[in-house]
A.B. asks: 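Input: one structure, supplied below.
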Amino acid sequence: MQNSTARSRAAALVLAPLLAVIALGFAARSPDAAPWWAAKRSVLNTHGAKVAWAWTSALFAAAAAVRAPTRTPAASAAAALRYALATLYWLAMARWFFGPPLFDRVFVRTGGECQPPAPDAAVAALSSLHACRSAGGRWTGGHDISGHCFLLLHSALFLAEEAVAPLLAAAAAVTAPRQPPALAAVRRAVLAATLALVAVWVFMLFATARYFHGAAELLSGTALGAGYWFVFYQARAWL
């Protein structure tokens with residue numbers, strides 16, 4: 001019971017600030033166009049949010065490497081499995097699910113379609129965002145789940161569980177075997193890089209909530225972004 005209570009408090013400390021950032025961003029909605037740093041073609045978006053899972057994967061791999069000497073092979077394998085499942089979850093939602101991803105399927109099922117650039121252009125039947133835009137069409141109508149909100153929250157929560165929390169615990173452990181100074185320095189560097197990346201994701205979450213999507217789209221993106229984290233790190237701990 002005590003472990004479950006402690007886990008619930010820790011979960012609240014992780015999730016509540018992220019939800020507060022999204023809520024504050026939405027509360028500060030601006031009718032103006034997004035500034036350069038939040039625009040779709042900004043460096044933060046094209047080389048940051050758009051490839052968030054690649055950055056997340058790199059930091060997870062770095063954290064796993066510095067933790068490997070102090071944990072069992074079974075624990076390392078379990079972490080790798082959680083990463084694989086988290087990746088499959090992201091792929092199914094946003095990239096591919098036996099055809100169009102689930103986000104695109106929801107969009108089409110709720111009335112969305114690919115609007116052609118010209119009346120005679122044959123793109124209306126395209127059922128994925130990528131295919132539509134590649135053909136010069138415009139994705140319009142339907143419930144457009146916030147992909148940025150989903151991916152940034154999914155990435156931040158995954159790193160909080162798989163990198164930030166264990167690296168902080170390793171640094172604070174007084175009974176752990178003494179490690180070489182070089183390894184300890186690398187661990188601190190990986191922790192600092194991970195915290196910096198999570199800070200970028202939090203900043204982009206605020207920008208997404210302030211300048212893009214409606215309340216329902218942000219809500220669905222948030223719920224799905226926290227879905228994997230809740231099932232694999234919270235619900236399992238309560239059972």
A.B. asks: Where do Leu157 and Gly225 come nearest, in terms of heavy atoms and distance?
C.D. replies: CD1-O, 4.1 Å

A.B. asks: Is there side-chain contact between Phe232 and Leu85, with at least one heavy-atom pair below 4.5 Å?
C.D. replies: yes

A.B. asks: Show the nearest heavy-atom pair for residues Arg95 and Pro101, with the distance to one decimal.
C.D. replies: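 It is N-CB, 3.4 Å.
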
A.B. asks: Rounded to the nearest 0.5 Å, how far apart are OH of Tyr228 and OG1 of Thr87?
C.D. replies: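 Taking OH in Tyr228 and OG1 in Thr87, the distance rounds to 8.0 Å.
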
A.B. asks: Looking at residues at least two apart in the chain, or sitting in another chain, which of them share a side chain to side chain contact (heavy atoms under 4.5 Å, CB included) with Leu129?
C.D. replies: Asp104, Arg133, Trp139

A.B. asks: About how many Å separate OG1 of Thr208 and CZ of Phe203, when rounded to the nearest 0.5 Å?
C.D. replies: 10.0 Å

A.B. asks: Between Arg210 and Phe26, is there a side-chain heavy-atom distance shorter than 4.5 Å?
C.D. replies: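 When only atoms from C-beta onward are counted, Arg210 and Phe26 do not touch, as no gap falls below 4.5 Å.
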
A.B. asks: Do Ser76 and Arg71 have side-chain atoms, one donor and one acceptor, less than 3.5 Å apart?
C.D. replies: yes

A.B. asks: Hey, what do you get for OG1 (Thr222) to CG (Leu205), rounding to the nearest 0.5 Å?
C.D. replies: 7.5 Å

A.B. asks: Is it the case that one hydrophobic cluster holds both Leu195 and Val66, taking links as side-chain heavy atoms less than 4.5 Å apart, direct or via other members?
C.D. replies: yes

A.B. asks: Hey, could you give me the CH2/CH2 distance between Trp55 and Trp201, rounded to the nearest 0.5 Å?
C.D. replies: 7.5 Å

A.B. asks: Kindly write out the residues that satisfy side chain to side chain contact (heavy atoms under 4.5 Å, CB included) with Asp144, not counting sequence neighbours, or none if the list is empty.
C.D. replies: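 Once residues adjacent in sequence are excluded, the partners of Asp144 under the side chain to side chain contact (heavy atoms under 4.5 Å, CB included) criterion are Phe107, His213, Glu217.
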
A.B. asks: Which pair of non-hydrogen atoms, one from Leu153 and one from Ala226, has the smallest distance, and what is that distance?
C.D. replies: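 Here Leu153 and Ala226 meet closest at CD2-N, 4.0 Å.
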
A.B. asks: When the ring planes of Phe150 and His154 are compared, do they come out parallel, tilted or perpendicular, using 30° and 60° as the limits?
C.D. replies: parallel

A.B. asks: For the CZ atom on Arg105, are there more than 12 heavy atoms of other groups (residues, nucleotides or ligands in this structure) within a distance under 6.0 Å?
C.D. replies: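 Yes, the 6.0 Å shell around CZ holds more than 12 heavy atoms from other groups.
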
A.B. asks: Could you pull out all donor-acceptor pairs under 3.5 Å where a side-chain atom in residues 56-65 meets a protein atom, sequence neighbours excluded?
C.D. replies:
unit_1: Thr56; atom_1: OG1; unit_2: Ala52; atom_2: O; d: 2.9
unit_1: Thr56; atom_1: OG1; unit_2: Ser155; atom_2: OG; d: 3.3
unit_1: Ser57; atom_1: OG; unit_2: Trp53; atom_2: O; d: 2.7
unit_1: Ser57; atom_1: OG; unit_2: Tyr83; atom_2: OH; d: 2.6

A.B. asks: Which atom names give the shortest non-hydrogen contact between Ile22 and Cys149, and what distance separates them?
C.D. replies: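 Heavy atoms only, the tightest pair is CD1-SG, 3.8 Å.
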
A.B. asks: Between Arg29 (side chain) and Ala209 (backbone), is there a donor-acceptor pair under 3.5 Å?
C.D. replies: yes

A.B. asks: As an exercise, state the distance from CD1 of Ile145 to OG1 of Thr110, rounded to the nearest 0.5 Å.
C.D. replies: 8.0 Å

A.B. asks: Do the side chains of Pro166 and Arg67 get nearer than 4.5 Å, heavy atoms only?
C.D. replies: yes

A.B. asks: How many angstroms lie between atom CZ of Arg187 and atom CG of Leu191, to the nearest 0.5 angstrom?
C.D. replies: 9.0 Å

